[in-house]
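Any value given below was found using the heavy atoms of this structure, including those in side chains, with hydrogens, waters and symmetry copies removed. Within every chain, numbering begins at 1; the chains are lettered A, B, ... in the order of the sequence lines, protein sequences first and strands thereafter.
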Number of protein chains: 2
Amino acid sequence: MRPMSLPVGLPALADSDLVGQIARILMQAIVQGRLPPGSKVVEAGIARELGVSRAPVREAARLLEKQGLLVASPRRGFFVRKLEIRNIDEIYDLRLCIERHASVLAARRLSPESRNILRRQIDVLHRTADLDDPARQVEEDYRFHRLIFEIADNRRLLRLFDDLAAELRMVIGLIGRLYDDPHEIARTHEPLLAAIEAGHPERITAHVDYHIGHAWREVGRLVRELTTPSGNATEPPGGILFPTNGVSV
Amino acid sequence: MRPMSLPVGLPALADSDLVGQIARILMQAIVQGRLPPGSKVVEAGIARELGVSRAPVREAARLLEKQGLLVASPRRGFFVRKLEIRNIDEIYDLRLCIERHASVLAARRLSPESRNILRRQIDVLHRTADLDDPARQVEEDYRFHRLIFEIADNRRLLRLFDDLAAELRMVIGLIGRLYDDPHEIARTHEPLLAAIEAGHPERITAHVDYHIGHAWREVGRLVRELTTPSGNATEPPGGILFPTNGVSV
DNA sequence: CAAGATTAAACTGTCGACAATCGACGATTA
DNA sequence: TAATCGTCGATTGTCGACAGTTTAATCTTG
């Protein structure tokens, strides 16, 4: 968990990044269902529980606000964003929009190296599908799509994708189970890559539409299922961030 | 300026929004050329000059960071974003992407009322063109495009547009002059609206491409002109936020 | 005289405190 | 009884302070 400083290793980084750590802890608490959607995030409470002051907690909350996990209400505080179906639709609508664009750009900039990177990531997807590790599968899936944005080479587009991905990860985390068969998911990336290699904008767009549209419908269906039986946003006992699972802390 | 509370009027609101006020002041300082691109924004300095503490200044800076006017470097502070040509290209590329999408959506959702609103805004554009008020002209131009996003009815898309617009306003403010003939600009909105009314996705896309692409090229040209003669990012004398224009403060 | 080491100043990250504000609850009034 | 008005605790907005880090200036040294 705690990255140790290697003799020459660079990434000893982010150990003193208090804000980042807090943001990650909060994000986990959200996707894992503590801090349920709609619940209030009390700065002082989080700060006390983590043994820090309110300042970094506030900054972390703003970070998560930018990513859409929290919403800020002036003088009232931060709240965990409720996953209304409308939000899901808006997110996927935007994602579809930028992913079409990024895919066409990526096709234009595709080099043999970048092609191989995508190819290899699909292999990873297939291998991960055998592992029965939903979280990992989702992660590798996003990695593939992120690669497309990297190849498209527009930093702003990439940042936007990262933000959307963070939000979608929350949604999927809240859903709790994978929205489809892992092997099936891995397979559907093949024709997308093929279209990008071929470089026909229309074909690329069509495949992106199919691919993302599929996820959209599936996630939408599950969210609708999950959201109709009235969410009881009660706070679980034993501390929000590090709940006592029977074992004392 | 100061909204007074009417007998029954509601909007007496948002006067005590310190962070918002600071953000606005900073934004003005940026677009007006004090705080030139690349210069450092010192929290304590701003705070002292405004007679507030560092906390709200920090929050305002984060707000402007989200809008892309500032960039944060950990442990080094906030800097006014340099307008490299690459940023301009990335911004316009993204804007083109989402504006195509929004325009097609808007066409699908277009009602007689929303059509008239767009129609009327074009009239405003024509009238404003006679006023010889570049800032106003740019503002009304953005209002037209924002209306398209409102009609498209995706809040996230709208928010994204607002962020991009804020950044583009900074760029245009730094350029200092309008990038084209106001009347010409007003006229080019006509065929775009016509295409949206007709509802043909291809025609809409083509017109958006032409319209935004034109601005892209123009702004790109001016920025290239402006950015090549090496920016000397020295700090103007007399206080950054309220420079003494000969008159003592 | 230039490159590197050293010192001093400036600044950010974080903290604890206080006042203003919000929301809940109970008292008051019609 | 229902609606309105205070009151009180909880929570945010803002402040000033301090420590560690970065940057700038100064001093060595080859």
Side-chain angles (χ1 to χ4, degrees), chain A residues 5 10-26 29 35 38-66 70-81 233-235 239-241, chain B residues 3 5 7-8 10-26 29 35 38-66 70-82 232-235 237 239-241:
Chain A
S5 64
L10 299 169
L13 172 59
D15 195 14
S16 65
D17 179 14
L18 189 50
V19 172
Q21 285 181 283
I22 297 175
R24 246 167 295 155
I25 290 174
L26 280 175
L35 288 179
S39 64
K40 192 159 163 10
V41 176
V42 180
E43 295 174 9
I46 306 295
R48 189 164 0 96
E49 195 163 345
L50 293 177
V52 298
S53 81
R54 276 174 52 210
V57 173
R58 221 178 150 79
E59 296 242 346
R62 284 256 179 271
L63 205 65
L64 295 182
E65 186 202 4
K66 194 176 69 172
L70 300 181
V71 290
S73 180
R75 302 213 166 267
R76 289 172 20 85
F78 293 92
F79 297 82
V80 180
R81 169 180 276 234
T234 56
E235 177 180 307
I240 294 170
L241 301 182
Chain B
S5 65
V8 203
L10 299 170
L13 177 57
D15 194 16
S16 65
D17 178 15
L18 187 51
V19 172
Q21 286 180 282
I22 296 175
R24 243 166 298 154
I25 291 174
L26 281 175
L35 287 179
S39 65
K40 191 159 163 14
V41 176
V42 180
E43 296 175 9
I46 306 295
R48 189 164 356 97
E49 196 163 346
L50 292 177
V52 298
S53 78
R54 277 173 50 207
V57 174
R58 219 178 151 81
E59 297 241 347
R62 285 256 179 272
L63 204 66
L64 296 181
E65 185 202 5
K66 193 177 70 171
L70 300 181
V71 291
S73 180
R75 301 204 166 273
R76 289 168 24 85
F78 293 92
F79 297 82
V80 180
R81 168 179 277 232
K82 280 180 282 194
N232 52 342
T234 56
E235 178 179 307
I240 295 170
L241 302 181

Looking across every strand, which nucleic acid part, if any, lies under 4.0 Å from B:Val41 by heavy atom: base, sugar-phosphate, or nothing?
sugar-phosphate
One should read off an interatomic distance between B:Arg48 CZ and B:Arg54 CZ, to the nearest 0.5 angstrom, of 11.0 Å
Shortest non-hydrogen contact from A:Ala60 toward A:Ala23
CB-N, 3.7 Å
Once you round it to whole Å, what is the distance between P of D:dG20 and CG of A:Leu18?
15 Å
Rounded to whole Å, please give me the gap between CD in B:Glu43 and C1' in D:dC15.
14 Å
On the nucleotide C:dT12, are OP1 or OP2 found under 4.0 Å from the side-chain N or O atoms that B:Lys40 carries?
yes
May I have the distance from B:Arg75 (atom CZ) to D:dT21 (atom C1'), rounded to whole angstrom?
6 Å
Write down the distance between CZ (A:Arg58) and P (D:dT11), rounded to a whole number of angstrom.
14 Å
Any chance you could measure B:Ser39, atom OG, to B:Lys82, atom NZ, to the nearest 0.5 Å?
10.5 Å
How long is the span from the CD1 atom in A:Ile22 to the CG atom in A:Leu50, to the nearest 0.5 Å?
6.0 Å
Under 4.0 Å between a side-chain nitrogen and a carboxylate oxygen: does that hold for A:Glu65 and A:Arg62?
yes
Rounded to the nearest angstrom, tell me the gap between atom CZ in B:Arg62 and atom P in C:dG13.
7 Å
N/O donor-acceptor pair, side chain B:Arg54 with base C:dG13, under 3.5 angstrom:
yes
Would you tell me if any nitrogen or oxygen in the side chain of B:Ser53 comes within less than 4.0 Å of OP1 or OP2 on D:dT14?
no
Interatomic distance where CD belongs to A:Glu59 and C1' belongs to C:dC15 [whole Å]:
13 Å
First of A:Gly51 and B:Phe78 reached from the 5' end of DNA chain C, by closest nucleotide:
B:Phe78
All N/O pairs under 3.5 Å across the protein-nucleotides 6-10 of chain D interface:
none

Measure from the side-chain heavy atoms of B:Val19 and tell me the nearest of D:dT14, D:dT22, D:dT12.
D:dT14
First encountered from the 5' end of DNA chain C, between B:Gly45 and A:Pro74
B:Gly45
Would you compute the distance between atom CG of A:Leu70 and atom CG of A:Leu26 and round it to the nearest 0.5 angstrom?
7.0 Å
Can you measure from CZ (B:Arg75) to CG (A:Asp17) and round to the nearest 0.5 angstrom?
9.0 Å
Report the distance from atom CZ of A:Arg48 to atom P of C:dA17, rounded to the nearest whole Å.
14 Å
Spacing of B:Ile46 atom CD1 relative to C:dA10 atom P, expressed in whole Å
17 Å
